[in-house]
Amino acid sequence: PGKALQRALELKNTGNVNLAVKLRSSDAWLSVAPEQFELTAGATTALAISAKTRRTHYGDRTAKIVAEADGQAWEVPVCVRLPEPKVEAK
């Protein structure tokens, strides 16, 4: 909790036409970059996924990355599991 987690993800155009792709997140704590790009037929691009949580967050946080291209949309579910806070007495 309270840290930014980053992961890489690859997106591939398996079709035979070029695509103008737009990406967005369903929740503010999750972001993806780049948000907009052109993906040629057969090409792959690297995406940077970032999850920023607050120190007070714990448990499962879920959101989606939504990809839109050629009038269609796809959703990629994302789940981050944050440990419960620990309290110690001395």
Side-chain angles (χ1 to χ4, degrees):
K3 296 181 181 178
L5 306 170
Q6 295 185 352
R7 296 289 183 264
L9 182 69
E10 286 190 344
L11 184 65
K12 183 174 184 174
N13 179 355
T14 59
N16 58 3
V17 296
N18 297 346
L19 295 173
V21 180
K22 290 183 181 180
L23 299 174
R24 62 181 170 80
S25 166
S26 66
D27 206 325
W29 62 266
L30 182 67
S31 64
V32 59
E35 293 179 341
Q36 217 170 314
F37 53 92
E38 184 83 18
L39 194 56
T40 58
T44 301
T45 192
L47 305 176
I49 311 299
S50 297
K52 187 171 182 180
T53 60
R54 296 176 189 234
R55 290 183 190 270
T56 55
H57 290 165
Y58 65 91
D60 290 349
R61 306 275 301 171
T62 59
K64 297 174 187 170
I65 294 173
V66 180
E68 298 174 345
D70 198 26
Q72 297 184 36
W74 299 267
E75 294 181 349
V76 178
V78 176
C79 181
V80 175
R81 180 163 285 157
L82 303 167
E84 290 189 33
K86 293 181 182 181
V87 177
E88 294 181 10
K90 292 186 179 189

Let me confirm one number: the [atom1]-[atom2] distance from [X] to [Y], rounded to the nearest 0.5 Å.
X: Leu19; Y: Asn13; atom1: CG; atom2: CG; answer: 4.5 Å
X: Phe37; Y: Leu11; atom1: CZ; atom2: CG; answer: 5.0 Å
X: Leu5; Y: Leu30; atom1: CG; atom2: CG; answer: 10.5 Å
X: Arg61; Y: Lys52; atom1: CZ; atom2: NZ; answer: 13.0 Å

The criterion is side-chain contact (heavy atoms from CB on, under 4.5 Å); which residues satisfy it with [X], sequence neighbours excluded?
X: Asp60; result: Cys79, Arg81
X: Arg7; result: none
X: Glu75; result: Lys64, Val66
X: Thr40; result: Asn18, Ala43

Contact check, side chains of Ile65 and Val78, non-hydrogen atoms, under 4.5 Å: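 Yes, at least one pair of side-chain atoms sits under 4.5 Å.
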
Ser50 and Ser31: CA distance, side-chain angles, deciding distance, side chain to side chain contact (heavy atoms under 4.5 Å, CB included) verdict: CA-CA 5 Å; Ser50 297; Ser31 64; 3.4 Å; yes

Side chain to side chain donor-acceptor pair (under 3.5 Å) against Asp27, all qualifying residues, sequence neighbours excluded: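 If we apply the side chain to side chain donor-acceptor pair (under 3.5 Å) test to Asp27, skipping adjacent residues, the hits are Trp29.
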
Enclosure of Glu38 CD (heavy-atom neighbours >12, cutoff 6.0 Å):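 Correct, the count exceeds 12.
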
Listed once per pair and sorted, the salt bridge (charged side-chain N to carboxylate O under 4.0 Å, His left out) pairs that draw on residues 8-26, sequence neighbours left out: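 Qualifying pairs, neighbours excluded: Arg24-Glu68.
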
Common cluster, Trp74/Val32, ILVMFWY with side-chain heavy-atom separation under 4.5 Å: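 Trp74 and Val32: separate clusters.
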
Minimal non-hydrogen separation, Ala46 against Pro34, with atom names: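 Taking Ala46 first and Pro34 second, the nearest heavy atoms are O-CD, 3.9 Å.
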
